[in-house]
Amino acid sequence: MAQRRGLFRIVTPKGWAVMPPGAEAVLWPPVDLPKARALDLAEHRALLPISISVVKVLAEPGRNMYLLKAGRTYMLSASRTAKSSTPPAGVTHELRLFCGGPCDLSPLYFLSLPRGATAVVRGFIDVEPAGRWAPAPPPPEGDPKGGLDILADPQRAKALLALVYDKSKETRKLACDLGLWTPCPGEGPGRFTTAALHALRLIAHFLPDRTEAAEDEG
């Protein structure tokens with residue numbers, strides 16, 4: 001069955017877009033990656049600014065692919081392409097994914113941090129996803145769009161990831177100021193805000209299992 005063309009969100013509160021093997025999608029807008037990804041994914045010999053304008057899911061793994069071993073295992077590589085929705089800021093590349101079956105597009109988010117986070121969360125692909133996938137169910141309360149707002153903001157996303165691993169008073173204070181932790185340190189036992197939990201559940205497969213539940217901190 002042919003994929004329906006249009007513009008579809010890369011990620012929604014229901015989860016990440018899933019594409020079957022053989023599928024290809026153009027990103028709107030292209031996603032800028034940190035320069036180091038040019039060495040990791042595209043085997044360039046210099047720190048080049050690269051932008052992902054196309055995503056392709058492979059039916060078979062390619063050579064010298066980058067292994068991203070999270071709660072799911074992904075194999076990735078990038079190569080030059082001459083296709084883009086708009087002229088990107090960096091050298092135009094396509095991202096190739098191999099998952100041994102359908103692939104969700106969540107690796108694009110972590111590869112792009114911090115500079116490309118907004119483009120991923122607010123961006124589109126030009127083919128209809130085969131489905132949506134999220135690594136954890138949503139919390140029963142709160143607006144799930146609040147989690148997307150956090151993931152789309154590089155400063156808040158960075159603070160949230162720091163909070164997962166470091167619950168020092170200073171980290172919790174910053175997180176409280178950014179709406180990620182409540183109440184603030186010194187005001188009683190603390191926990192992730194509901195918006196933060198909505199964000200965490202979309203990236204739970206990239207985090208230690210213990211972070212899926214909030215922890216109390218004084």
Side-chain angles (χ1 to χ4, degrees), residues 1-12 15-70 72-134 148 151-152 154 157 202-203 205-206:
M1 182 177 178
Q3 289 179 289
R4 185 161 62 97
R5 292 284 168 177
L7 290 179
F8 304 88
R9 290 287 187 184
I10 295 172
V11 61
T12 73
W16 299 94
V18 174
M19 294 170 50
E24 178 180 310
V26 174
L27 300 180
W28 293 67
V31 175
D32 298 333
L33 301 190
K35 290 182 180 180
R37 299 292 84 78
L39 281 68
D40 293 336
L41 299 175
E43 297 188 306
H44 291 303
R45 297 182 180 180
L47 294 173
L48 300 175
I50 66 175
S51 300
I52 300 300
S53 61
V54 176
V55 175
K56 182 183 295 184
V57 177
L58 304 181
E60 300 290 339
R63 296 180 58 188
N64 300 322
M65 298 190 80
Y66 181 86
L67 180 64
L68 185 60
K69 193 167 181 61
R72 286 186 163 190
T73 298
Y74 306 87
M75 297 178 70
L76 312 99
S77 65
S79 61
R80 290 289 302 275
T81 184
K83 184 186 296 185
S84 183
S85 58
T86 59
V91 181
T92 311
H93 280 67
E94 71 175 20
L95 178 67
R96 298 172 177 176
L97 292 165
F98 174 75
C99 304
C103 280
D104 69 89
L105 300 189
S106 62
L108 184 61
Y109 180 75
F110 273 85
L111 292 173
S112 72
L113 287 173
R115 60 185 303 196
T118 304
V120 175
V121 177
R122 304 304 188 200
F124 300 86
I125 53 177
D126 71 341
V127 295
E128 184 177 20
R132 295 276 172 188
W133 178 80
L148 295 178
L151 296 179
L202 290 171
I203 56 173
H205 54 313
F206 289 101

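All residue numbers refer to positions in the sequence shown, counting from 1.
With contacts defined as side-chain heavy-atom distances shorter than 4.5 Å, the pair V55/I125 does not qualify. In this structure, L33 and H93 have side chains that are not in contact, with every pair of non-hydrogen atoms separated by 4.5 Å or more. Within the 4.5 Å cutoff, the side chain of L148 has heavy atoms near those of the L202 side chain. Between R9 and F124 the shortest side-chain heavy-atom distance falls below 4.5 Å. The shortest side-chain heavy-atom distance between P102 and V57 does not fall under the 4.5 Å cut-off. Side-chain contact between V121 and I10: absent, with no pair of heavy atoms (C-beta onward) separated by less than 4.5 Å. Contact annotation: the side chain of P88 never approaches that of S53 to less than 4.5 Å [non-hydrogen atoms, C-beta and beyond]. The side-chain heavy atoms of V120 and L105, taken from C-beta on, include no pair separated by under 4.5 Å.
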Next item on the list: Decide yes or no on side chain to side chain contact (heavy atoms under 4.5 Å, CB included) for S79 and R96, but give the supporting numbers first.
Entry: CA-CA 8 Å; S79 61; R96 298 172 177 176; 3.1 Å; yes
Next item on the list: Please assess L151 against V11 for the test side chain to side chain contact (heavy atoms under 4.5 Å, CB included), listing each intermediate value before the final yes or no.
Entry: CA-CA 10 Å; L151 296 179; V11 61; 5.9 Å; no
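C103 approaches L97 most closely through the heavy-atom pair SG-CB, 4.0 Å. When all heavy atoms of R132 and A17 are compared, the pair lying nearest together is NH1-N, 3.3 Å. Here the closest non-hydrogen pair linking W28 and D126 is NE1-CB, 3.9 Å. Between E24 and K56, the closest heavy-atom pair is OE1-CE, 3.1 Å. S85 approaches P29 most closely through the heavy-atom pair OG-CA, 4.1 Å. Shown here for A134 and G15, the closest heavy-atom pair between the two residues is CB-CA, 4.0 Å.
L41 contributes atom CG, which lies 12.0 Å from atom CD of E94 (distance to the nearest 0.5 angstrom). Separation of atoms CG (L7) and CD (E128) is listed at 12.0 Å; rounding is to 0.5 Å. F206 CZ to L113 CG: the interatomic distance, rounded to the nearest 0.5 Å, is 10.0 Å. Rounding to the nearest 0.5 Å gives a distance of 11.5 Å between OG1 of T81 and CG of L95. Put simply, CD1 on I52 and CZ on R37 are 11.0 Å apart, with the number rounded to the nearest 0.5 Å.
The only member of L27, V31, D32 that meets side chain to side chain contact (heavy atoms under 4.5 Å, CB included) when paired with S51 is D32.
Aromatic ring orientation, Y109 versus W16: tilted (interplanar angle from 30° to 60°).
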